[in-house]
Amino acid sequence: TYPAAFSTGLSNVSAVDAGPDGRLIAVGSGTGKIVVWDTEARKPVDTGITATGLVSSVRFSPDGKLLAISILDNNLRNAGVRIWDIAADKQVAKLGGSNTPAIGQVSWRPDGRAIAALATEQNDSQGIVEWDARTGQPIKTLAKGIVDSLSVAYSPAGDRLAVGRGDGSVELWDTTTSTRINRQTQHADTTTVRGPNGVIPVQVTFSDTLLASSSLADNMIRLWNPRTGEPVRAFPDITRQAGSAVAPGPTSLAFSSDG
């Protein structure tokens, strides 16, 4: 029955994701520990996953067989995005090289064969790159020049990529041509609230018919046309504690399976 609860034994949880069928839930912590919980067996899966640093993202592949784990660490050899085969209990790839790893938030391409993440290498391919999930090698740059992505999401068809940037903007890119379709700045334009170093965090996600974004800076959820990036509507997040100007706003965003 739902809601249900379980204890991971982790403190300072920093990332959570559920597999496509809801059976497995991955939880990462600020100390690099990762637990994969089996909701049917009601116990953790023995994965052997180890990491050092902050787990910034955990994401199951569309078929649930692979788990992408993104680590932030001052040591670049520890940082990066690793792809883990859960059934085989082994790492199958690390995106990018040891000295220039992919970092930050990630999104699986709908076919499960590739994953989007920020490239750290300082060259013409810097930006959001599409990586082969089995080899860890770059396929192509999807969104060139971006260095401050805080969330990324493929559209259900895989032909659009939404990026939530640290300047408070929402960008929509064509993944076939790697060109930007639209850039919207309403999350930044309607508030003076800023996070550390002036960052305005923005989360993005798609349904079949909408692109949604949210930010704890303006406490708004905004809906966009998923093809053109034009605004559809906006409304305040109602989960913030009433009457508290400093209570957290929306820090994650997802549609239900039926959209």
Side-chain angles (χ1 to χ4, degrees), residues 12-17 28 30 53-59 70-72 74 79 81 102-107 116-120 122 126-129 141-155 160-173 179-207 210-226 228-255:
N12 192 22
V13 170
S14 55
V16 179
D17 192 39
L54 168 70
V55 181
S56 64
S57 180
V58 286
R59 288 288 182 269
S70 182
I71 304 291
L72 297 178
N74 290 330
V81 179
I103 61 171
Q105 299 301 304
V106 300
S107 179
L118 180 66
T120 57
Q122 303 288 324
Q126 187 176 30
I128 306 299
V129 170
T141 301
L142 298 174
K144 189 175 181 179
I146 292 178
V147 297
D148 60 349
S149 61
L150 297 180
S151 61
V152 292
Y154 278 100
S155 65
R160 295 286 187 272
L161 185 80
V163 183
R165 299 189 60 171
D167 63 0
S169 65
V170 178
E171 294 189 358
L172 185 65
W173 290 73
T179 55
R180 191 173 71 184
I181 298 170
N182 209 328
R183 179 175 184 265
Q184 299 284 356
T185 61
Q186 284 89 326
H187 286 296
D189 295 342
T190 56
T191 181
T192 59
V193 174
R194 299 293 186 269
N197 300 316
V199 170
I200 307 171
V202 175
Q203 305 299 315
V204 292
T205 189
F206 281 95
S207 73
L210 290 167
L211 165 62
S213 65
S214 67
S215 177
L216 56 79
D218 67 348
N219 198 47
M220 293 292 290
I221 297 171
R222 301 180 183 277
L223 303 179
W224 317 91
N225 183 301
T228 67
E230 291 301 312
V232 174
R233 63 173 298 202
F235 49 91
D237 174 61
I238 60 173
T239 61
R240 177 176 282 186
Q241 292 172 289
S244 175
V246 297
T251 57
S252 62
L253 190 66
F255 282 99

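Here, residue 1 is the first one in the sequence, and each next residue gets the next number.
Shortest non-hydrogen contact noted between P201 and S215 is O-OG, 2.6 Å. The minimum heavy-atom distance between R183 and D167, with the atom names listed, is NH2-OD2, 2.8 Å. Closest non-hydrogen pair, Q184 versus G229, comes out as NE2-O, 3.1 Å. For the residue pair S107 and Y154, the shortest heavy atom distance occurs at OG-N, 3.1 Å. Minimum heavy-atom separation, G104 to S70: O-OG, 2.6 Å. Scanning all heavy atoms of the two residues, the minimum distance from A162 to F206 falls at CB-CE1, 3.6 Å.
Going from atom CG of N219 over to atom OG1 of T190 covers 10.0 Å, rounded to the nearest 0.5 Å. Distance check, rounded to the nearest 0.5 Å: CG of L211 to CG of L172 gives 6.5 Å. Taking CG of L223 as the start and CZ of R233 as the end, the distance is 6.5 Å to the nearest 0.5 Å. Distance check: R180 CZ to I146 CD1 gives 8.0 Å after rounding to the nearest 0.5 Å. In this structure, L253 CG and S151 OG are separated by 8.5 Å, a value rounded to the nearest 0.5 Å. Residue I221 holds its CD1 atom at 11.5 Å from OG1 of T205, rounded to the nearest 0.5 Å.
I181 places a side-chain heavy atom less than 4.5 Å from the side chain of R160. The side-chain heavy atoms of S155 and P226, taken from C-beta on, include no pair separated by under 4.5 Å. When side chains are defined from C-beta on, I128 counts as touching L161, because their heavy atoms get closer than 4.5 Å.
In summary, the side chains of W173 and T179 do not present any donor paired with an acceptor at a separation below 3.5 Å, with no hydrogens or angles considered. In summary, the side chains of R165 and T185 do not present any donor paired with an acceptor at a separation below 3.5 Å, with no hydrogens or angles considered. Residues S169 and H187 bring no donor and acceptor atom of their side chains to less than 3.5 Å of each other. Side chain to side chain, E230 and N182 meet the donor-acceptor criterion of an N or O pair below 3.5 Å.
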Q: Assess whether side chain to side chain contact (heavy atoms under 4.5 Å, CB included) is satisfied between L210 and V232, documenting all intermediate values.
A: CA-CA 9 Å; L210 290 167; V232 174; 4.3 Å; yes
Q: Begin from the C-alpha positions of L150 and V199 and carry the test side chain to side chain contact (heavy atoms under 4.5 Å, CB included) through to its verdict.
A: CA-CA 10 Å; L150 297 180; V199 170; 3.6 Å; yes
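With hydrogens and angles disregarded, a donor-acceptor distance shorter than 3.5 Å links the side chain of Q105 to the backbone of S56. Looking only at distances, no side-chain donor or acceptor of T141 sits under 3.5 Å from a matching main-chain atom of K144. A donor-acceptor contact shorter than 3.5 Å links the side chain of D218 to the backbone of M220.
The only option from L54, I103, V55 that meets the side-chain contact (heavy atoms from CB on, under 4.5 Å) definition with I71 turns out to be V55.
Within 6.0 Å of CG on D189 lie more than 12 heavy atoms contributed by other residues, nucleotides or ligands.
A salt bridge does not link R222 with D237: every distance from a Lys NZ or Arg NE/NH1/NH2 to an Asp or Glu carboxylate oxygen is 4.0 Å or more.
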